[in-house]
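Beneath this line is the structure, given in structure tokens, with notes to follow.
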Amino acid sequence: MARPALQLLELRTGASDVIERGIGRSLLIRPGRGTVSFVVTPQGAPWEIKELNPVTRAITSLTPTLEGSEDLAWTPDGAIVMGQKTKLFLWREGGRWTQIADLARQGVDSITRLTVSPDGKWIAIVGQAPAR
């Protein structure tokens, strides 16, 4: 099975270029930067969050993901929120992942998707309930 690839498409000409192979499902515009963030999921190696400048095509490594996690959201002020099992973490450029919440008491067993509201006041989470 072919692994997903990040491609750039020139709308005027229809030409496309593969930028990176083996990416995850989070493909997001980074607030205030005009860049695109994505998760690289190489087989047998740690996963990593990178960003692409679509004008220069430069790729920058931002940070490793939380182990086994590929869903993330950007806050309006440029931080990343990511879930791992029952816990939510925050990353700021130049820093490390910091736990900001544990949703186990709310009946969440595994965070699978998340998003942050445009004003940064709310985080919406999709999670699986514990098996019974």
Side-chain angles (χ1 to χ4, degrees):
M1 182 161 119
R3 298 192 20 95
L6 174 62
Q7 297 186 47
L8 277 181
L9 172 68
E10 173 58 54
L11 293 176
R12 286 179 286 136
T13 65
S16 69
D17 291 318
V18 173
I19 303 299
E20 184 93 36
R21 294 192 186 278
I23 68 164
R25 58 184 169 235
S26 289
L27 187 62
L28 303 164
I29 301 296
R30 186 171 180 185
R33 296 275 181 111
T35 58
V36 178
S37 68
F38 58 99
V39 174
V40 179
T41 59
Q43 295 176 347
W47 294 359
E48 185 176 11
I49 301 169
K50 294 184 176 184
E51 75 178 324
L52 165 71
N53 180 322
V55 175
T56 65
R57 298 185 181 213
I59 295 175
T60 305
S61 294
L62 297 177
T63 187
T65 67
L66 298 169
E67 188 175 339
S69 298
E70 65 178 299
D71 295 301
L72 63 97
W74 286 97
T75 65
D77 67 350
I80 296 174
V81 178
M82 183 171 252
Q84 183 183 49
K85 299 182 182 174
T86 65
K87 298 175 182 173
L88 276 177
F89 291 84
L90 185 78
W91 174 86
R92 293 191 184 282
E93 196 158 11
R96 318 179 288 154
W97 289 106
T98 304
Q99 183 179 323
I100 57 173
D102 188 339
L103 304 176
R105 286 187 175 169
Q106 285 76 29
V108 175
D109 188 49
S110 180
I111 297 167
T112 59
R113 304 287 190 282
L114 57 107
T115 191
V116 176
S117 65
D119 62 7
K121 292 181 180 180
W122 301 95
I123 299 174
I125 297 164
V126 175
Q128 296 176 340
R132 294 183 187 222

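For reference, positions follow the sequence shown, starting with 1.
- L8 forms part of a hydrophobic cluster together with L6, I19, I23, L27, I29, V36, F38, V40, L52, I59, judged by ILVMFWY side-chain heavy-atom separations under 4.5 Å.
- For the side-chain contact (heavy atoms from CB on, under 4.5 Å) with W97, the lone residue among L90, T65, T63 that qualifies is T63.
- Among pairs with a residue in residues 107-118, those fulfilling salt bridge (charged side-chain N to carboxylate O under 4.0 Å, His left out) read D71-R113, at least two apart in sequence or across chains.
- In this structure, Q106 places its CD atom where more than 12 heavy-atom neighbours from other residues, nucleotides or ligands lie under 6.0 Å away.
- No side-chain heavy atom of T98 sits under 4.5 Å from any side-chain heavy atom of R92.
- The salt bridge (charged side-chain N to carboxylate O under 4.0 Å, His left out) contacts involving residues 119-130 comprise nothing, where partners must be two or more places apart or lie in separate chains.
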Inset, instruction - Decide side chain to side chain contact (heavy atoms under 4.5 Å, CB included) for F89 and Q84; before the verdict, give the C-alpha distance in whole Å, the side-chain angles of both, and the deciding distance to 0.1 Å. - result: CA-CA 8 Å; F89 291 84; Q84 183 183 49; 4.0 Å; yes

Inset, instruction - Take I49 and M82 through the test side chain to side chain contact (heavy atoms under 4.5 Å, CB included) and record every step on the way to the result. - result: CA-CA 11 Å; I49 301 169; M82 183 171 252; 4.2 Å; yes

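- Considering every non-hydrogen atom in both A5 and V18, the closest pair reads CB-CG1, 4.1 Å.
- Using modelled atom types, no side-chain atom of T75 and backbone atom of G120 make a donor-acceptor pair closer than 3.5 Å.
- Listed by first then second residue, pairs satisfying side-chain hydrogen bond (donor to acceptor under 3.5 Å, both in side chains) with a partner in residues 29-45 read R3-T41, R30-E51, R30-E93, R33-E93, T35-E51, S37-W74, not counting sequence neighbours.
- Hydrophobic clustering (ILVMFWY, side-chain heavy atoms < 4.5 Å, transitive): L103 and V116 are in one cluster.
- Applying the salt bridge (charged side-chain N to carboxylate O under 4.0 Å, His left out) definition to pairs two or more places apart or across chains, those involving residues 5-18 are E10-R12, D17-R57.
- Smallest separation of non-hydrogen atoms from G83 and L114: N-CD2, 3.6 Å.
- Annotation: side-chain contact (heavy atoms from CB on, under 4.5 Å) contacts of V55 (sequence neighbours excluded): N53.
- Within 6.0 Å of the CZ atom in R21, the count of heavy atoms belonging to other residues, nucleotides or ligands does not exceed 12.
- Criterion: ILVMFWY side-chain heavy atoms under 4.5 Å apart, direct or through other members. Under it, V108 and I100 are part of a common hydrophobic cluster.
- Annotation: side chain of K85 is not in contact with side chain of S110 (no heavy-atom distance under 4.5 Å).
- Nearest heavy atom pair, residue P76 against residue S117, reads CG-O, 4.0 Å.
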Inset, instruction - Just do the side chain to side chain contact (heavy atoms under 4.5 Å, CB included) check on L72 and W91 with the steps written out, would you? - result: CA-CA 10 Å; L72 63 97; W91 174 86; over 6 Å; no

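- Between I80 atom CD1 and L62 atom CG the span is 5.5 Å, to the nearest 0.5 Å.
- The main-chain N or O of E70 is found under 3.5 Å from a side-chain atom of S26 such that the two form a donor-acceptor pair.
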